Amino acid sequence: MTDVAIKKTNPESVSLCPLNSAAATEPEPLCIFGTGDLGRSLGQRLLQSGYRVVYGSRKPHSCGPLPPGTQAMSHSAAAQSAALVFICIHREHYNFLETLAPQLQGKVLVDVSNNLKKNLYPEANAEYLQRLVPGAHVVKAFNTLSAWTLQNGPSDANRQVYLCGNSAEAKQAVAETATKLGFTVLDRGSLCAARELEDFPLQLFPEWRLPLRIAVGLTAFFYFYLLIRIVIYTYVQKGDDISFRIMVSLANKVFPIVSLIMLSLCYLPGVIAAFLQLYRGTKYRRFPDWLDRWMLCRKQLGLLALAFAFLHVLYTLIIPQRYYVRNRIAGSTILLIKENKTSAFDSALAWRSDSFLSTGILGFGLYVLLGITSLPSVSNALSWREFSFVQSKLGYLTLFFCTLHTYLYGWNKFLKPTSYPWYTLPGYLLCLIVPTVVLVLKFLLLLPCMDRSLTRIRQGWDRTNKLETQMQ
């Protein structure tokens, strides 16, 4: 009887599930314009969270499979049935909404659309929607979530929902819905921020671009630099073809070099910022833009450095399995047997090799600890003091061990003329420049006279204000 009554009063609607007498006690439905992947996923998620869902479609009788428990109507009927409407259609199809302005008067319209590229239109999609339906309250939200995220819940993807709009009440209604779906809401202000929100999904690893460029640049430079020093020099000067070393030996020299430089680049901006504050005598002046950008990408620099350290460890573990190494060991052993000789035990060399391996293991262990604590699930469980201790104190300790590991690797090689083919410096000497500078500068900052001044500045002391007071 209820189904029949609905069909009589509203011939434009199609019921996809039986309605019963309890429908009167159900909450007011939410409306979704659009029956694509995102619209269906959003409807399914809303149903699971206890909402009633009504779809608005151009063809309500043949709009495809929808989540069970929902209802499909014409756009006009669906707009009249709900106070909050999700616009899950492309901007190119917004024109028909202008004809629905009377039905959408006073409604909250949630624009979830995105564009294929930046600056495709002169105004944001949400602003365009507000201009088409001036009597509605447009809120930009949910556009940074994919259909997959909505289907599987916020635990499997991004938990944040960005929103913006001119009406505080409308934003509050959308925020309550997003919170009930299990997401965290971040209010970005008025509808003027809609273009910024629409650009978010178009960004491809924006925070990783600079670190990746640095990593690729350093890797390419040192790879070709060592290729010239080791492979090409040997072929030109001695006529020996050792090009087989390109795959493992050369790569295993490049990876630790890049890793150490990038780790030191994580801590160099903090040291520069400290000296800048000491020079200015205040913490209330902004750092240069280049330093701000550098400090904001320190996490990404550190994670890439850890990745190169992992590659170095893996490549080192396969060294005994290499044909070249096994052949050299076998040849050396056979030669000693033929000559009836034994190698003399060198205590200094034993100390050096054990120290070299020990510092490498300690440095890598601390490296992994830094990487683990940078994960959101771990860092959120730490207090600020604990996180700062791990990332700062243990970070510098990691840099110290890794730098010492490299010094022990070089040992006295820099004294041998054969270490400078074509008058070029060894790769390990070049990679020691930046970490050594960072450690020396950090040591200077730890001196009592420097540390006291820096602590006072970071606690709010301002040398400029003090001078002005004295002059008055």
Side-chain angles (χ1 to χ4, degrees), residues 211 214-215 218-219 222 226 251-272 274 295 297-319 347-375 378-379 382 385-414 425-447 451:
I214 294 174
L218 288 173
T219 303
F222 279 103
L226 295 178
N252 201 30
K253 290 179 181 293
V254 173
F255 292 150
I257 290 174
V258 176
S259 177
L260 182 57
I261 293 177
M262 295 194 68
L263 179 63
S264 59
L265 290 178
C266 293
Y267 295 96
L268 181 57
V271 173
I272 295 175
M295 296 182 73
C297 68
R298 286 180 295 179
K299 176 181 177 180
Q300 289 75 20
L301 285 170
L303 291 176
L304 287 175
L306 177 59
F308 279 99
F310 262 111
L311 289 174
H312 174 51
V313 171
L314 293 176
Y315 270 68
T316 302
L317 291 175
I318 68 169
I319 286 178
S347 180
L349 182 60
W351 266 101
R352 173 201 161 193
S353 61
D354 283 3
S355 301
F356 166 72
L357 294 173
S358 178
T359 53
I361 293 171
L362 290 173
F364 182 70
L366 292 172
Y367 232 140
V368 173
L369 180 61
L370 292 177
I372 292 174
T373 54
S374 68
L375 298 174
V378 178
S379 60
L382 300 176
R385 186 174 183 181
E386 293 169 341
F387 182 79
S388 177
F389 172 78
V390 173
Q391 293 294 326
S392 179
K393 304 296 189 299
L394 294 186
Y396 279 106
L397 186 61
T398 304
L399 182 61
F400 171 76
F401 276 122
C402 291
T403 305
L404 181 59
H405 176 68
T406 308
Y407 271 108
L408 290 171
Y409 167 80
W411 198 247
N412 61 350
K413 292 180 182 178
F414 69 97
L425 292 173
Y428 76 89
L429 275 183
L430 291 177
C431 84
L432 282 171
I433 296 174
V434 181
T436 302
V437 169
V438 173
L439 290 174
V440 171
L441 293 178
K442 182 61 178 178
F443 175 75
L444 294 176
L445 290 174
L446 292 177
L447 295 176
D451 184 59

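Please read these numbers as outputs of a predicted model, since none were measured by experiment.
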*Asks:* Let me have the donor-acceptor pairs involving side chains of residues 261-270, under 3.5 Å, with sequence neighbours excluded, atom names and distances please.
*Replies:*
| unit_1 | atom_1 | unit_2 | atom_2 | d |
| --- | --- | --- | --- | --- |
| Ser264 | OG | Leu260 | O | 3.2 |
| Ser264 | OG | Ile261 | O | 2.6 |
| Tyr267 | OH | Gln391 | O | 2.8 |

*Asks:* Look up atom OG in Ser355 and atom CH2 in Trp411, then write down how far apart they are to the nearest 0.5 Å.
*Replies:* 7.5 Å
*Asks:* Any side-chain heavy atom of Ser259 within less than 4.5 Å of one from Tyr367?
*Replies:* yes
*Asks:* List the atom pairs, donor and acceptor, that lie under 3.5 Å between side-chain atoms in residues 426-446 and the rest of the protein, sequence neighbours left out.
*Replies:*
| unit_1 | atom_1 | unit_2 | atom_2 | d |
| --- | --- | --- | --- | --- |
| Tyr428 | OH | Phe414 | N | 3.4 |
| Thr436 | OG1 | Tyr407 | OH | 2.9 |
| Thr436 | OG1 | Leu432 | O | 2.5 |

*Asks:* Can you tell me if Phe400 has over 12 outside heavy atoms packed within less than 6.0 Å of its CZ?
*Replies:* no
*Asks:* For Gln300 and Pro211, which heavy atoms make the closest approach, and how far apart are they?
*Replies:* CB-CG, 3.5 Å
*Asks:* Identify the heavy atoms of Arg352 and Leu408 that sit nearest to each other, and give their distance.
*Replies:* NE-O, 3.1 Å
*Asks:* Could you tell me whether the side chain of Ser353 and the main chain of Leu349 form a donor-acceptor pair under 3.5 Å?
*Replies:* yes
*Asks:* Rounded at 0.5 Å granularity, tell me how far OG in Ser388 sits from CG in Leu394.
*Replies:* 10.5 Å
*Asks:* With no hydrogens and no angle check, is any side-chain donor or acceptor of Thr359 less than 3.5 Å from a backbone partner on Phe356?
*Replies:* yes
*Asks:* Walk me through whether Val271 and Tyr396 qualify under side-chain contact (heavy atoms from CB on, under 4.5 Å).
*Replies:* CA-CA 11 Å; Val271 173; Tyr396 279 106; 3.4 Å; yes
*Asks:* Quick check for you: to the nearest 0.5 Å, what is the distance between Ile319 atom CD1 and Thr316 atom OG1?
*Replies:* 5.0 Å
*Asks:* Anything under 3.5 Å between a donor and an acceptor, one on a side chain of residues 304-313, the other on a protein residue two or more places apart or in another chain? List them.
*Replies:*
| unit_1 | atom_1 | unit_2 | atom_2 | d |
| --- | --- | --- | --- | --- |
| His312 | ND1 | Asn252 | OD1 | 2.8 |

*Asks:* Could you check Thr398, Leu399, Leu404, Thr406 and say which one makes a side-chain contact (heavy atoms from CB on, under 4.5 Å) with Cys402?
*Replies:* Thr398
*Asks:* Considering all heavy atoms of both residues, which atom of Phe401 and which atom of Gly363 are nearest to each other, and what is their separation?
*Replies:* CB-CA, 3.9 Å
